Every structure is written in structure tokens, then in C-alpha cells.
There are 2 protein chains.
Amino acid sequence: MPCGEREVNPVSETFPKHSESARPTMIDVAKRAGVGLGTVSRVVNGGAGVRDETASRVRAAIDELGFQRNEVARALRPGKKSSSLALVLGDLTNPFYATIAKSSLEVAGQDGFAVVLGSVDEDPEGERRAIQELIGRQVAGLMIVPDQGDHSFLASAGIPVVFVDRPAHGIEADIVMVDNEGGGKLATDHLLQQGHVRIAILLAPSYYTTGRRLRGYRRACRAAGIEVDESLVVQLPEGTAEAAEKATRELMHRPDPPTALFASTNFLTEGVLRALREVDAEPAVVGFDDFRLADMLPTPVTVVASDIAELGRIAARLLLDRAAKTDTRPPQRIVLPCQLIQRGSGERPA
Amino acid sequence: MPCGEREVNPVSETFPKHSESARPTMIDVAKRAGVGLGTVSRVVNGGAGVRDETASRVRAAIDELGFQRNEVARALRPGKKSSSLALVLGDLTNPFYATIAKSSLEVAGQDGFAVVLGSVDEDPEGERRAIQELIGRQVAGLMIVPDQGDHSFLASAGIPVVFVDRPAHGIEADIVMVDNEGGGKLATDHLLQQGHVRIAILLAPSYYTTGRRLRGYRRACRAAGIEVDESLVVQLPEGTAEAAEKATRELMHRPDPPTALFASTNFLTEGVLRALREVDAEPAVVGFDDFRLADMLPTPVTVVASDIAELGRIAARLLLDRAAKTDTRPPQRIVLPCQLIQRGSGERPA
DNA sequence: CTCCTGGACGGTAACGTTTCCAAAGTTTAC
DNA sequence: GTAAACTTTGGAAACGTTACCGTCCAGGAG
């Protein structure tokens, strides 16, 4: 029960409200310091070619007036892009995306860049619109965790693009991702080693990553000389925990349930574990992507993990270098390794 | 062990790279459509006062050229702020912040606003710098989860500000928060009802919210006629799970350990639970703020929760209305209720 | 003493949009 | 048939910055 209704009160203290007073411009500073506009600009941009005495007079004026450069006007000049990057990704509530956002934000911030988050619907058309919006804001570069669909419209945007976690079709651009196929193989190999033969794999719909992880799974099975039972390859209608829970329940109620499950995303892993609570059998479980509290669950969860924060950092760094034209190499494809973290759930024998 | 070193390969496909070709401007559109510049602007902005026939000719030209309005130039005009909001908050890896980011992003997106995330260091000076940066980008409004310290410098920013989760000093602005004191009382009351008398409370350092939650705790104790043992009020040096874990371990190894713990943030709850794994005693635990998998832990975790997504939505809505001058009420103080979610850990008897 | 060189500085155009004003065209009213 | 009112349109100014081009002054070389 609620501990109170929503309250709405005017705040009582009487502090200055935000004033509409115009903020000072370089012209104001110039007048105040008794110098020309160009000189102020030079001081603000590093002060090369300005006498120390003049420069400090200008700086004094800046402090007195509380002047701050108008980034919008600055970005209007041709060639000058705004000092911000755009980041387009899915549900921030997913720790995977949140981690990318956080780490790329850090790197961008170090270079004085802000990060603009476009709101992302799930449909490709929404993504496209969001991206166009962002481009209109003259960002210096785009980091995109792309949805499926054609992204060739990005080629005409005139700004560098880095794809994160998955490649996109129709454009040649940098891509930073994890070794999905290797990770899928790693997880499956591990389960095979425990003697499992009937290993189910749960897949979120139509992501690129999904296909690669499945490929790793198949490769591991083939290498072990095991033929894949296609009824154990479960394509979910949604990438949610709920969908995985339902599918797992169905799997485990079959006459010939799998003895092990490979959940190909963190949310799917959660769903699998939820379903298994209500089931007598204790199949082995390996998840893809680590998640908070994985080690605290009744049976600590074995996962295949990679350094997601690094994913974001590399992407941001690469994009900044592209934007600054420091990096003029051909488009790169950077693949981060995965590693297996054994915690218990994946070590149950067949 | 890693399933492979980091690979770096040039991408092989040969798609168009991003071209540096200048994007078309309204002037190009005007020429193409054989109309004046002003007419194009009118069409782009809704088309009021333009003949249908002319408007469609302009729209045709826009489509042909792939014109997209330059938001930067637009924002340069006086009075016109850019159609973006700034969001300043802490660690996105904390689901609490991530949820706020997600929900405010959604609301802003509905109104065609982008959200700029300032990178936030933990120190107040870093926060101030980040905010100044954002203001320089001419955002239409600021949403801030404020650090302690004086925020009066915001009064001269000339844009509306909404504080989220905690108020700030030195400025009269809207604030959207949860009923921390009520939640603290709710949690403590619940533990008292189970017969607990020695209830420890763990507090993250110096947050505003911390103080209110403690106040609710004290109020509940006083109402129950119990004198608070001040050695059970634990001020942590850091708001991390690790700090809470260490403190809990120390608490439980005392000769007179508490029979219940109230962890005042989600990370602290995690730390508490980690420590309790290695302890024989099974004290009751209530956490503040719900978290993913709370119901999946060996003992499902009882929490006091509020609708964090709603927090973000309300803040964004309010800010948008302020920015549009649709809402000219005096600064509001909106307080969302908390509710108790009983899952087991909080129902252990004394 | 004059000329030249170079650093310091001031002024102005330009970026792409919105807004305002005036001109042109069209309808309505008398 | 003419004047008035209104609608549609074109053009120019302005937003705040940067980049470029001159000008000015000091100092060194001839």
C-alpha cells in the first residue's frame, strides 16, 4: 500500500528563479575589455597571437560578465561540427546498453564532447527518424547500435559513423563488437564438456548477434560430432525475459527435455532461471553476457562475458578520432574476445 | 580464458563511405522550387499562409534534395532554444539512473526533443562544469539529479531547471522526488511489526535522500517507543555495495548484532546480502528501491519501492511545459509515494 | 632616416535559419 | 469600377561565432 498520495506543493523558499536576462556575448566581452571582437575569439580559443596583457584583460571581462561561449553559434560555422556525439541505442534499462552509454559518455566527456541520446523506438522507421533528427543537430559523429534494416542513408550524412555491437547493411563504416560466434562456441563447448548432448539454445528474434551465437553453437556441436536437434533451437518471438520463461517452461515439460540450456542474452537468461524455479529437473545453464547479481542467485550463473564497457570506450574513441580526422584508416572491424565465467549453473553434469 | 585475442580487421565490403558533400540548405530548396527563402521556411514550419500548390512544390523539392533543417542554425535565432533537453545524472550503470534516463528520453522524444547527457564526474565542480557546458549548447531546459553544493549559478542560466530525486540549494526550481521519509518509515514500521527492536540502517554518504530516509527510520522508532541505538546507524564512507558489505560484516560480528537491517539504496542492499551469505544469523532485510532479480535471490528481497520511471516522465513533462511556457505556475514540488513490496527477507521474525 | 617585416589587433563577411516588412496579387465591399 | 482588406510571396536583417583581411605599430635592417 502506498505510504501517501502523490503530493504537489509549490516550493516555499524564495530563491532567485531563473531569469530571462540575455546571456552576455563575445561582443559584450569585447566592449567591456575595450578590445575587438576577433581578439576575444582568439582568447577564448586558446589565445594564440594575443599579448598576455590583453589576454588577461579579456579573461577578466569574461569572468566579470560570466560569459560562456555559445556552442550553437560556433557550430554554425562551416566545417565546424558541434562538439557532441550522438548515441542511438535500445532500452537503457538493459544493463548492456546502459554500460555502453556510460563508458562512451566518459570517453566523450574527456574530450569535451557531450553525448546526445536519440529516443529510440523499436521499429526501424523510428530509428531512422531519430537518426535524421540527430544529424540535423549537427553532431560530430554517430554511434549506433543498429536495428536490422538498411542504413545506407547514413552515407549521405557527411559525418562519421561507428556501429556498436552489430554491423549494419548498406554502408561501410567502423564497427566494434564482441566475438559472438566465439562466445557461442565457448558456451556450448563448456556444456559439451560436462557431458551434455541435448543442449537447447534460446534466441532473441532477428538480431545479428543471435545468428552468430547460434553459429558458434552449431560449430561446437559439429566439432563434438553431435547432430543438432532442431527442436532445441528456440527462436523466441521477443527478446524479453517473459518470452524466454514461457519457452523454457515448454521445453522442460517435453517428454525429452534438454539437459542444458544456453540463453543467448542476459534477459533471456533471467527468463530461463525464472522458469526453472518451478521445475524439478536441474538442467545446466549458461548465459551470454554477465549481469549484476548473477553470482548471488540460488545457483550462481555461469556466463560467457565480454568487456562491454570497453566496447563503448573503443567506439567513442574511434568516433572522436574519425571526427577529428586524426584517424583516416579504412573502416575498422574491431572484435572483442569473450570469456567464460564459471559460477556453478553451467557445471552441472548431464 | 579468452576465446580469442581482440581482432582488428579492415571491413571488406565496399559500400559508400560517408561523403563530405555539403547537405542542401533552404536556399537550395528555394531555388529548386522556384520560390523565396521565406516561403520554404514557412512550409517547413507547418505551412501556414502558403498556398497548397506552392507548398507541395516546396515539399517536392525538399524530398528530391533530401533537405533536412539545420537545427543548429534554427537554435541560433534569439528566443529559440534548441529542441533538446539536458540530463545530468550519475552512474548510468545504476538502474535507478538508467530508468530515469530511459523514461525522460521517451517523453522528450514524443515532443521531438533530444536529450543531451552531460558526462558527470562525482565531484561538485565537475558537475558544475558539465552543466555550464550543456547551457552553452543552448538546451531548452535542464534536468538535474543534483550533487550536494550550491546550484545558485543556475539562476542566471536563463533556462528552466527541474531537479530530480533531490532538491538543490540556492535556487527556486521545480523538484520531482519520492517520499523518502515516508518510505523510510514504511520500511522501519514493517520491521518493527515483525517484532524487531535492534534494526540497523545503512546510509550512503551525504545524499539528501539518505537524511530523509533516516528521518523516517527515527520517526518510526520513536512512534514505536524504541530508542535508537546510534551504533546501528551506519554512515558508510561510500555508496557502494562493497562498503555496505564490509559494514554489514562488521555489524553482524558484533556481540550484539542487529536482528534486522534497512539498506537505504539498491547498491547497499546488494552489499548487505553479499555479507549475509557468510553469516549464520539470518536477520530481516528491507531495501530501499526495487531492483531486478530481487525476487530471484535465495531469500527474495523485501523492498520499499516507488515508480522511478514515473519520476523521469514527470520531470521531463514538467520541463517541456516550462520550456514551452505552457506551464507558468510557481515552482512545484512533486512527491511520489512509496510502497512496500513483501518478498520474504523483510518478514523474518525477530 | 627610411623601408620593410612581422606581430597584434579591429572589422567584416559568412554560416542557415526565422522573422519582419513590404510588395504583389486576389478577393470583398461599396 | 474602385477602394479596401486580406492572402501570398520575396527579400533582408539578425542571431553569435569564426576566419580572413587589412591596418597599425614596433623594431630591425639598410
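Sequence lines set the chain letters: A, B, ... in the order given, protein chains first and strands last, and positions in each chain run from 1. The structure presented is a predicted model; accordingly, all values stated were derived computationally and were not measured.
Listed candidates were C:dC9, D:dT17, D:dA12. Nearest to the side chain of B:L37 is D:dA12. When each of C:dC9, D:dT17, D:dT8 is scored by its nearest atom to the side-chain atoms of B:R51, the top-ranked nucleotide is D:dT8. Here D:dC15 is the nucleotide among D:dT17, D:dT8, D:dC15 with the atom lying nearest to any side-chain atom of B:L76.
If you measure from atom CZ of B:R137 to atom P of D:dG16, you get 18 Å, rounded to the nearest angstrom. Atom CD1 in A:I27 sits roughly 8 Å away from atom P in D:dC15 (whole-Å rounding). Distance CE (A:M26) to P (C:dC15): 19 Å, rounded to an integer number of Å. Between the CD atom of A:E53 and the P atom of D:dC25 there is a distance of 17 Å, rounded to whole Å. Between the P atom of C:dG16 and the CD atom of B:Q68 lies a distance of 14 Å, rounded to the nearest Å. Rounded to whole angstrom, the span from the CG atom of A:N70 across to the P atom of C:dG16 amounts to 17 Å. D:dG16 atom P lies 11 Å from atom NZ of A:K31, rounded to whole Å. Rounded to an integer number of Å, the gap from B:Q138 CD to D:dC15 C1' is 10 Å.
If you check distances only, the side chain of B:R23 never reaches the base of C:dG16 with a donor-acceptor pair under 3.5 Å. Residue A:R42 places a side-chain atom within donor-acceptor reach of the base of C:dG10, judged by atom type and a 3.5 Å distance cut-off alone.
Distances shorter than 4.0 Å separate none of the side-chain N or O atoms of A:S41 from OP1 or OP2 on D:dT17. The phosphate of C:dC9 (OP1 or OP2) has a side-chain N or O of A:T54 nearer than 4.0 angstrom. Remark: B:T39 is not in phosphate contact with D:dT9, judged by side-chain N or O atoms under 4.0 Å from OP1 or OP2.
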Audit row: B:R317, B:D111, side-chain contact (heavy atoms from CB on, under 4.5 Å) steps and yes/no: CA-CA 9 Å; B:R317 185 70 267 155; B:D111 274 33; 3.0 Å; yes
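Remark on DNA chain D: of its neighbouring residues A:R74 and B:A48, the 5'-side contact belongs to B:A48, judged by nearest-heavy-atom nucleotide.
B:T25 comes within contact range of the sugar-phosphate backbone alone, with a heavy-atom separation under 4.0 Å but no base atom that close. Within 4.0 Å of B:V35, counting heavy atoms only, lie sugar-phosphate atoms of the nucleic acid but no base atom. Residue contacts for A:G136: at a heavy-atom cut-off of 4.0 Å it reaches no nucleic acid atom on any strand shown.
If you check the side chains of B:S83 and A:R137, you find a donor sitting under 3.5 Å from an acceptor. Side-chain contact of A:Q148 with A:H169: a donor-acceptor pair under 3.5 Å is absent, judged by distance alone. One side chain, B:R23 or A:Q138, offers a donor N or O that lies under 3.5 Å from an acceptor on the other.
Checked options B:L89, B:L134, B:I131, B:V164; the residue passing with B:I144 is B:I131 (criterion: side chain to side chain contact (heavy atoms under 4.5 Å, CB included)).
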